[in-house]
Amino acid sequence: MNIKMVDLHGQYLRIKQEIDDSMQEVLDTTAFIQGKQVIDFAAGLAAYCNVKSVIPCANGTDALQIAMMALDLQPGDEVILPVHTYVATAEVIALLRLKPVFVDVEEQYFTLRIDQVAERISPRTKAIVPVHLYGQCADMDALLRLADQKNVHVIEDVAQALGARYTFPDGKVAAAGAMGTIGCTSFFPSKNLGCFGDGGALMTQDEMLSGKIRMMANHGQRVKYQHDEIGVNSRLDTLQAAVLNVKLRYLSDYERRRNWVASYYDRSLAGAGDLILPARRRESTHVFHQYTIRTDRRDALKSYLEERGIPSMIYYPIPLHLQKAYRQPGVERGAFPVTERLSETVLSLPIHTEMDDSQLGYICDTIRGFFTK
Ligand SMILES: *Cc1c(COP(=O)(O)O)cnc(C)c1O
């Protein structure tokens with residue numbers, strides 16, 4: 001049995017004709033930069049997320065950087081982020097000479113702790129970056145109320161949760177990325193909506209801000225050859241937009257398939273050993289970018305699975321505050337106990353749109369076998 005963490009080839013084959021036709025159209029017109037497919041895709045994604053503007057860019061890391069540039073964050077300004085995240089979130093903060101201020105995460109949901117955000121907000125705090133890790137929204141109601149009260153921007157990192165929906169206490173529903181000041185996402189091939197290379201986008205409900213974002217992503221110019229600010233060059237290729245236009249039509253189907261896999265794991269792994277299965281937040285849907293379990297026997301389980309042809313991944317093995325590049329004076333091991341513990345216990349199992357019963361049966365039997373041996 002050939003089990004993969006993601007099956008991009010299988011996913012492509014199911015929609016090959018549509019993808020090929022869409023890419024061929026770009027080749028025929030040779031509008032490789034800012035072709036009409038890019039504009040169509042931005043409009044399509046805006047409709048999907050029910051957000052006013054989507055500004056495509058070159059990758060998710062750029063999206064985060066452009067967001068902070070468009071909000072005029074200045075060197076020395078503080079940005080609060082969870083310490084349990086992919087490096088990109090912290091990287092752009094440091095690159096812009098802003099100060100990353102880490103907070104720990106909630107153990108069962110893997111997203112930032114609002115009580116620690118409240119403690120760490122200072123007069124220098126200009127933005128908070130919730131990361132909707134593994135596909136489920138952070139505690140956005142509490143976070144947005146706090147940010148509003150303190151007059152701080154919220155930049156959502158939606159790279160793992162595109163399509164997730166959050167329900168507020170008043171019944172209003174919003175998509176991940178459409179709740180904060182700006183949402184940033186990635187179309188890296190293995191993300192829930194992935195292209196055939198790199199891609200990313202920003203989204204916002206604020207039209208003024210969308211103009212500023214567009215300008216910052218385009219060399220700081222609104223009018224060609226007139227540069228009002230120092231920007232960057234970050235675009236989504238037309239060929240990638242052509243792929244994404246097709247795949248966007250399948251995104252809700254992909255979400256259903258991932259949830260089917262997650263439910264299968266939930267049913268079949270419940271009660272195995274000391275396993276803790278991913279908890280669902282009542283307010284958020286889960287798009288299951290990852291299905292992440294926890295066990296004290298993580299490393300042994302990972303090797304056991306590997307020997308039996310089952311891949312698995314550790315997101316993330318070293319917490320950011322313990323990474324050489326992100327060490328801060330006085331922030332030692334022990335500073336973020338939940339994240340440190342997660343780095344030793346989390347394991348993400350294969351989950352993708354092409355998984356079938358027999359693969360899942362084999363994976364679950366093998367995991368149960370590990371715990372009863
Ligand atoms: C993938 C990812 C990014 C960065 O996206 P790229 O397109 O690879 O630059 C940022 N944040 C998180 C949480 C991610 O998973």
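- Taking CG from Leu275 and CZ from Arg297, the interatomic distance works out to 10.0 Å, rounded to the nearest 0.5 Å.
- Ile318 shares a hydrophobic cluster with Leu322; the chain of contacts runs through ILVMFWY side chains whose heavy atoms sit under 4.5 Å apart.
- Summarising the geometry, atom CD1 belonging to Ile310 is positioned 8.5 Å from atom CE belonging to Met1; distances are rounded to the nearest 0.5 Å.
- A cation-pi contact, defined as under 6.0 Å to the ring centre and within 45° of the axis, links Arg165 to Tyr48.
- Shown are His286, Glu156, His289, Gln160; of these, the side-chain hydrogen bond (donor to acceptor under 3.5 Å, both in side chains) with His132 is made only by Glu156.
- In this structure the side chain of Met216 never reaches within 4.5 angstrom of the side chain of Ile55, judged on heavy atoms.
- Side chain of Asp104 to main chain of Thr339: a donor-acceptor pair is present (N/O by atom type, distance under 3.5 Å, no hydrogens or angles).
- Between Ala58 and Ser234, the shortest heavy-atom contact is N-OG, 2.9 Å.
- Taking a cutoff of 4.0 Å between a charged side-chain nitrogen and a carboxylate oxygen, Glu78 and Arg120 do not qualify as a salt bridge.
- Arg258 has its side chain out of reach of Gln290: every pair of non-hydrogen atoms, C-beta onward, lies at least 4.5 Å apart.
- Residues passing the side-chain hydrogen bond (donor to acceptor under 3.5 Å, both in side chains) test with Thr353, sequence neighbours excluded: Gln11.
- When all heavy atoms are compared, the tightest approach of Gln34 to Thr238 is N-OG1, 3.6 Å.
- For the pair Pro350 and Gln359, the minimum side-chain heavy-atom distance is 4.5 Å or more.
- Applying the ring-ring contact (aromatic ring centres under 6.0 Å, His included) criterion to Tyr265, with sequence neighbours excluded, gives Tyr291.
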- Task: Check step by step if side-chain contact (heavy atoms from CB on, under 4.5 Å) holds for Leu133 and Val105.
- Result: CA-CA 10 Å; Leu133 203 72; Val105 295; over 6 Å; no
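- The pair Lys4-Glu354 does not meet the salt-bridge criterion, since no charged nitrogen lies less than 4.0 angstrom from a carboxylate oxygen.
- Looking only at side-chain heavy atoms (C-beta outward), Tyr254 and Leu193 stay at 4.5 Å or farther from each other.
- Other residues, nucleotides and ligands contribute at most 12 non-hydrogen atoms within 6.0 Å of the CD1 atom of Ile230.
- Arg280 places a side-chain N or O within 3.5 Å of a backbone atom of Pro278 that can act as its donor or acceptor partner.
- Applying the salt bridge (charged side-chain N to carboxylate O under 4.0 Å, His left out) criterion to Lys126, with sequence neighbours excluded, gives Asp77.
- Under the side-chain hydrogen bond (donor to acceptor under 3.5 Å, both in side chains) criterion, Asn2 pairs with no residue, sequence neighbours left out.
- The salt bridge (charged side-chain N to carboxylate O under 4.0 Å, His left out) check on Arg113 picks up Asp115, with sequence neighbours excluded.
- Considering only residues two or more places apart in sequence or on other chains, Phe370 meets the ring-ring contact (aromatic ring centres under 6.0 Å, His included) condition with Tyr304.
- There is no side-chain donor-acceptor pair under 3.5 Å between Glu255 and Asn259.
- Leu146 belongs to a hydrophobic cluster whose remaining members, ordered by chain and number, are Ile80, Val101, Val103, Leu112, Ile114, Val117, Ile121, Ile128, Met140, Leu143, Leu144, Val152, Val154, Tyr166, Phe168, Met179; membership requires side-chain heavy atoms of ILVMFWY residues under 4.5 Å apart, directly or through intermediates.
- Residues Tyr250 and Glu18 bring a donor and an acceptor atom of their side chains to less than 3.5 Å of each other.
- Here Asp206 pairs with nothing under the salt bridge (charged side-chain N to carboxylate O under 4.0 Å, His left out) rule; sequence neighbours left out.
- Between Ile39 atom CD1 and Leu236 atom CG the span is 11.5 Å, to the nearest 0.5 Å.
- The pair Asp296-Arg341 counts as a salt bridge, with a side-chain nitrogen and a carboxylate oxygen less than 4.0 angstrom apart.
- Remark: side-chain polar atoms of Thr29 are paired, donor with acceptor, to backbone N or O of Val26 under 3.5 angstrom.
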- Task: Please step through side-chain contact (heavy atoms from CB on, under 4.5 Å) for the pair Gln108 and Ile276, ending with a clear verdict.
- Result: CA-CA 9 Å; Gln108 83 258 48; Ile276 302 174; over 6 Å; no
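- To the nearest 0.5 angstrom, Arg298 atom CZ is 3.5 Å from Ile314 atom CD1.
- Between Cys184 and the options Val129, Thr89, Ile155, Asp157, a side-chain contact (heavy atoms from CB on, under 4.5 Å) holds for only Ile155.
- Residue pairs that meet the ring-ring contact (aromatic ring centres under 6.0 Å, His included) test with at least one member in residues 180-218, sequence neighbours left out, are Tyr12-Phe196, Phe41-Phe187.
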- Task: Apply the test side-chain contact (heavy atoms from CB on, under 4.5 Å) to residues Glu306 and Lys302: give CA-CA distance (whole Å), side-chain angles for both, the deciding distance (0.1 Å), then the verdict.
- Result: CA-CA 6 Å; Glu306 206 162 285; Lys302 188 175 196 319; 3.6 Å; yes
- Please assess Met5 against Met313 for the test side-chain contact (heavy atoms from CB on, under 4.5 Å), listing each intermediate value before the final yes or no. CA-CA 8 Å; Met5 283 304 286; Met313 294 290 281; 3.5 Å; yes
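- Taking a 6.0 Å sphere around OH of Tyr86, one finds it holds 12 or fewer heavy atoms contributed by other residues, nucleotides or ligands.
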- Applying side-chain hydrogen bond (donor to acceptor under 3.5 Å, both in side chains), run through Gln24 and Asp20 and close with a yes or a no. CA-CA 6 Å; Gln24 187 62 49; Asp20 291 0; over 6 Å; no
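- For Asp198 (side chain) and Asn59 (main-chain N/O), no donor-acceptor pair under 3.5 Å exists by modelled atom type.
- Lys247 contributes a side-chain N or O that, together with a main-chain N or O of Gly194, makes up a donor-acceptor pair within less than 3.5 Å.
- Residues Trp260 and Leu360 meet the side-chain proximity criterion, which asks for heavy atoms closer than 4.5 Å.
- At least one side-chain heavy atom of Leu27 sits less than 4.5 Å from a side-chain heavy atom of Leu239.
- Here Lys52 contributes atom NZ and Leu209 contributes atom CG; the two are 12.0 Å apart, rounded to the nearest 0.5 Å.
- Side-chain atoms of Thr204 do not come within 3.5 Å of backbone N or O of Ser210 as any donor-acceptor pair.
- Expressed to the nearest 0.5 Å, how far CZ of Arg257 lies from CG of Asn192 amounts to 13.5 Å.
- Of all heavy-atom pairs spanning Ala217 and Ile66, the tightest one is CB-CD1, 3.9 Å.
- Thr185 contributes a side-chain N or O that, together with a main-chain N or O of Val158, makes up a donor-acceptor pair within less than 3.5 Å.
- In terms of the salt bridge (charged side-chain N to carboxylate O under 4.0 Å, His left out) criterion, residue partners of Arg281 (sequence neighbours excluded) are, by chain and number, Glu106.
- Linking Ile, Leu, Val, Met, Phe, Trp and Tyr residues whenever their side-chain heavy atoms come within less than 4.5 Å places Leu301 and Ile3 in a single cluster.
- Residues near Tyr225 contribute nothing to a hydrophobic cluster around it, because no ILVMFWY side-chain heavy atom sits closer than 4.5 Å to its side chain.
- In Asp228, the CG atom is crowded: over 12 heavy atoms of neighbouring residues, nucleotides or ligands sit closer than 6.0 Å.
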